[in-house]
Structure formats: structure tokens, C-alpha cells
Amino acid sequence: MTTLLLADGETTAHALTAALKLGGEVHMLRLADCPPLAEPLADLIVALAPAYDAIVAPATSTAKNVLPRVAALLDVMQVSEVIEVVSPDIFRRPTYAGNAIETVQSGDGRKVITVRASAFAATQLDGIAVIAPPPSADPGLSRFVSEAAEKSDRPELGSAKIVVSGGRAFGSKEQFDALLVPLAAKLNAAIGASRAAVDAGYAANDLQVGQTGKIVAPDLYIAVGISGAIQHLAGMKESKVIVAINSDPSAPIFGVADFGLVGDLFTIVPELTEKL
Amino acid sequence: MKILVAVKRVVDANFRVRVKSDGSGVELDNVKMSMNPFDEIAVEEAVRLKEKGIATEIVAVSIGPAKAEDTLRQALAMGADRAILVVHDGRAEPLGIAKTLAAIARAEAPDLLLLGKQAIDDDSNQTGQMLAALLGRGQATFASKIEIANGNATVAREVDGGQQTLELTLPAVVTVDLRLNTPRFASLPNIIKARAKPLTKTTPAEFGVDLAPRLTVLKVEEPPVRQAGVIVGSVTELVDKLRNQARVLP
């Protein structure tokens with residue numbers, strides 16, 4: 001059993017834990033060393049595939065983009081967002097926004113897997129053999145136009161120990177930033193947001209926590225002004241400790257919170273920032 | 001320009017599913033079914049491209065039970081011109097669905113293939129990418145903006161850490177994300193008109209596609225239930241609990 005791990009950012013260390021559970025040797029291909037467009041990248045990974053029994057990647061946007069393309073070219077049914085490796089061909093994965101956990105057995109000879117990083121502890125990448133990408137040709141089906149990276153000095157949302165997340169109750173981007181940024185800075189936390197807050201323009205798209213956004217499981221998740229739609233809960237309910245701050249005592253977020261505080265976020269958040 | 005848009009009939013997004021007590025799957029009897037929300041966004045985008053005079057024909061496709069006709073009728077009511085229903089009962093996986101869609105695409109020769117980025121039932125996020133691979137076409141996933149000009153699609157994508165813009169040579173596959181548009185509600189006259197629009201029923205066998213699942217579902221379980229904790233009375237109490245009880249703060 002030899003596994004090819006696609007390295008892509010900080011969550012790779014978590015995916016390595018899953019890759020090692022498959023048994024056997026793990027080699028690592030750094031996506032940063034590879035062509036970024038999906039078409040040549042998929043071809044490159046397919047060219048490497050014959051030497052491997054499994055291809056594993058953390059479920060980052062890059063991996064989610066390219067790996068199903070790889071799987072289809074290999075005629076393999078990918079197993080997405082694995083949360084547990086039961087055996088080399090049996091995996092557990094969430095469906096229906098995490099409300100039904102499937103245990104599936106793959107009948108494909110070669111496995112193609114994305115890993116939900118928040119479900120696995122990190123393993124040191126030291127000592128894992130890094131392989132050089134083979135030369136690849138660009139089929140010219142797509143071209144880069146631009147990349148607008150949101151540069152932030154906050155920890156990465158997917159791997160932060162503490163996440164503070166805001167909802168629509170902030171009322172504006174200015175208030176979202178004015179209240180949450182100091183709290184996040186005090187806790188060295190990543191900032192997240194509900195879909196409503198992202199739709200309203202308070203936070204960037206890639207900060208959305210939920211079923212189809214980022215899935216996080218930090219040690220501490222502080223949800224401020226977030227009601228707790230099932231799609232949002234799907235993205236954070238595996239957090240170790242959840243704090244909910246909301247003016248509505250019947251908000252569903254209190255149903256999953258370890259500690260709830262009912263009240264006005266505009267007074268609570270500054271007070272919390274000050275007392276930490 | 002011709003657009004092919006794929007739609008899936010799924011459990012409504014506002015409905016919380018229950019796992020069957022025998023662990024064989026989720027309870028689907030008497031459950032409200034709807035079009036996958038991401039697919040609604042894909043249909044809306046196709047209709048907008050037609051309203052702008054860029055698209056000339058929109059073909060909606062679904063693979064699923066006979067009841068998926070309702071989902072296709074909704075797409076027709078939103079503005080699709082005709083529909084193809086590939087009747088298939090039982091579980092189907094993204095790979096089999098992508099193969100079926102690829103067969104239809106070879107027959108229909110669309111210039112643009114639009115799909116939702118993910119179905120909210122199996123949460124796989126694979127079909128569009130697989131379809132692009134099988135057709136040997138370019139792909140842009142997680143689209144938040146699509147512009148068509150000179151035989152190319154310029155697509156803004158939502159990616160980790162920001163936004164990326166790609167240009168694709170058409171035909172190409174684009175999967176859509178939440179913020180591309182807000183789908184319209186079909187008006188009553190359009191719902192009535194949709195009943196008369198052409199809908200062709202076919203089977204996977206007609207395309208020679210094998211939809212037999214590659215993954216065997218051994219069991220389906222409820223996730224561990226998270227118990228509600230306590231409501232604290234003040235910020236001071238909250239900080240004390242986090243420090244001394246939960247020990248998540250120094």
C-alpha cells in the first residue's frame with residue numbers, strides 16, 4: 001500500500017494522519033510545486049497514479065476542484081470529506097449537512113479521498129518523502145486572469161485553535177470589524193462568519209462557516225449574533241467548546257452551545273474583549 | 001449559444017433529515033423535496049444569459065426517480081426551454097451521474113454546462129469536475145460571476161483565501177456557488193406554461209451508462225448529539241467558565 005498525499009496548506013498535516021491510517025508508505029506531492037489550473041494538474045496527478053494505491057488530499061478549495069477530475073479520469077468514485085478511516089477501504093463521511101454519517105466501502109481498486117481536516121489530529125510532515133512533479137503539458141482549456149487574495153494576519157480559519165464568528169446581527173461591515181477584530185486579536189483567533197453575514201458583505205466569502213463553506217472544529221468557537229441554521233451548525237458543531245452570544249434566547253445556536261449568553265452583542269463583545 | 005443545466009431533486013434545505021432506525025439510510029417518506037439550491041442558482045444563471053441574448057436555448061437535465069419531473073418542471077417554469085429526465089430509481093453516485101451527463105452532452109453539444117457546486121444531500125461536490133474530465137473540457141468550480149464573450153467564459157471563483165478569475169474556452173463546465181445570483185420564484189403563468197414545454201424521458205441504459213454504485217453504504221448513523229450547556233448571567237461568569245471549567249483560555 002502506497003499513498004500519494006497532496007500537500008496544500010496547513011491542513012495537510014491533518015490529512016497525513018488519515019493517509020497514514022491507510023497503512024503503508026506515504027509520499028507527498030506539494031501542490032505549490034505544480035501547475036495550478038485544474039486541467040494540467042489533474043493530468044499530472046493521473047500520470048503519477050499508477051504507482052499509488054490511494055490519493056489523499058485535505059478538502060481545500062484546490063483539492064476539491066481537482067481531485068474529482070482526477071477520480072473521473074481514473075474511473076474511480078471519490079470519497080469526499082472523510083472523517084474516519086475505518087480500514088483501507090472503509091470510510092466514514094458526513095452527508096445531509098452532517099445530520100447523517102455514512103460508512104462506505106469503496107469497491108474501486110485505487111482510492112481517491114478528500115479528508116475533512118478538522119476530524120483528524122495533525123501529524124508532523126517531517127520525514128515524509130516529497131516527490132518532484134513530473135513535467136506536464138497545459139491542454140490550454142483555461143487560463144488565469146487574476147487572483148485577489150485577502151491578506152490577513154489572523155490565523156487560518158481551517159486550522160485555528162480559536163474562532164470568533166459573526167452573524168447578520170452586527171448590522172454593518174464597519175461594526176463587524178470594529179467589534180470582532182479586537183476580540184479575535186486578543187484571543188489570537190481566526191474570524192469566521194455566517195452565510196447571512198457574508199451575503200450582507202460584512203465578511204469575505206472564504207470566511208463563511210457552514211455545510212458548503214469552511215468546516216471548522218477549533219478548541220473554542222465563539223458565535224456572536226448567529227442564530228444557528230442547520231447549515232451553519234454543520235460547519236462548527238464539532239468544535240470542542242462552543243460559546244453563543246445572541247439577543248434571542250430561543251436561537252437554535254444555544255442548543256449546541258456549552259455556554260450561552262443572552263444579550264446585546266454591542267455591549268457584550270467590547271466587555272468580553274476587555275475582560276479577556 | 002446552447003446551455004445544458006443539470007438539476008437534482010433533494011430533501012428540502014430547511015428540512016432536518018432523520019436516520020432510519022435500521023441504519024440503512026435516511027427517512028425519505030413524507031419529506032418535502034425541492035430542487036438542490038445550488039442547481040436553482042445554475043438554472044437562474046442560464047435564464048439570465050438567455051435574457052441577455054447570449055444563450056439561445058436552455059436544456060435542463062435530471063437523473064433520478066420519475067418524481068424528478070417536478071424538479072425539471074420547476075426549471076422549465078424558471079425559463080429553461082426543454083427538459084430531459086433520465087429515470088433511475090435507487091442510489092446513484094457522482095461518477096455515474098457525470099457519465100450520464102457526458103453522454104447527453106455528446107448528443108446535445110452544448111456550449112456551456114452549468115451545475116450546482118454540490119448537492120445538499122450527499123455533499124460530494126464532484127459531479128461538475130468529473131463531467132469536465134469525461135468530456136475533456138475546461139472547468140471552473142465555485143463560480144460567483146460568469147461572463148461570456150468571444151467563445152470564452154470568464155469566471156470568478158470563490159477559493160480559500162480570496163477570489164480567482166479564470167478564462168475558459170467554450171464548451172466548458174462551470175459549477176456555481178451561493179453568491180452568483182438569487183434565483184427567481186417561478187410565476188404562476190410560467191408554472192402553467194412549463195407544463196406544456198417538452199420533457200423527454202429516457203433511461204441510463206439508452207446511453208449505455210452503468211449507474212451501479214462503486215461505494216457500498218454499510219450503515220448510516222445519526223451524529224453524536226451535542227447537549228446544550230448552560231446559560232451564563234454575565235461576561236465575567238463566561239470568562240470564568242472558559243478559564244476555570246472549560247480550560248480553553250489561559
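All of these numbers come straight from a predicted model, not from anything done at the bench. Letters go in sequence order (proteins before strands), and every chain restarts at 1.
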Item to complete: Give the member of B/E93, B/Q245, B/R243, B/E222 that has the highest number of heavy-atom pairs under 4.5 Å with chain A.
Response: B/E93
Discussion item. Using a 3.5 Å distance criterion without hydrogens, assess whether the side chain of A/D206 forms a donor-acceptor pair with backbone atoms of B/V159.
Written reply: no
Worksheet item: Is chain A contacted by the side chain of B/T175, its backbone, both, or neither, given a heavy-atom distance below 4.5 Å?
Response: neither
Worksheet item: Between B/Q139 and A/R69, does any side-chain donor sit less than 3.5 Å from a side-chain acceptor?
Response: yes
Discussion item. Testing the basics here: between A/Y96 and B/D123, what is the closest heavy-atom pair and its distance to 0.1 Å?
Written reply: N-OD2, 3.6 Å
Fill in: Contact check, side chains of A/S239 and A/V163, non-hydrogen atoms, under 4.5 Å
no
Practice prompt. With a 4.5 angstrom heavy-atom cut-off, could you sort out which part of B/A132 is near chain A: side chain, backbone, both or neither?
Written response: both
Discussion item. I'd like to know whether NZ of B/K145 has more than 12 heavy-atom contacts from other residues, nucleotides or ligands below 6.0 angstrom.
Written reply: no
Discussion item. Between B/L249 and chain A, with a heavy-atom cut-off of 4.5 Å, which part of the residue counts as in contact: side chain, backbone, both or neither?
Written reply: side chain
Response to the item:
Bottom line for A/L233: the part with an atom under 4.5 Å from chain B's heavy atoms is neither
Item to complete: Determine the option with the most heavy-atom pairs under 4.5 angstrom with chain B, choosing from A/I101, A/D43, A/I245, A/V262.
Response: A/I101
Response to the item:
Checked B/V19, B/V239, B/D122 vs chain A; the most non-hydrogen pairs under 4.5 Å come from B/D122
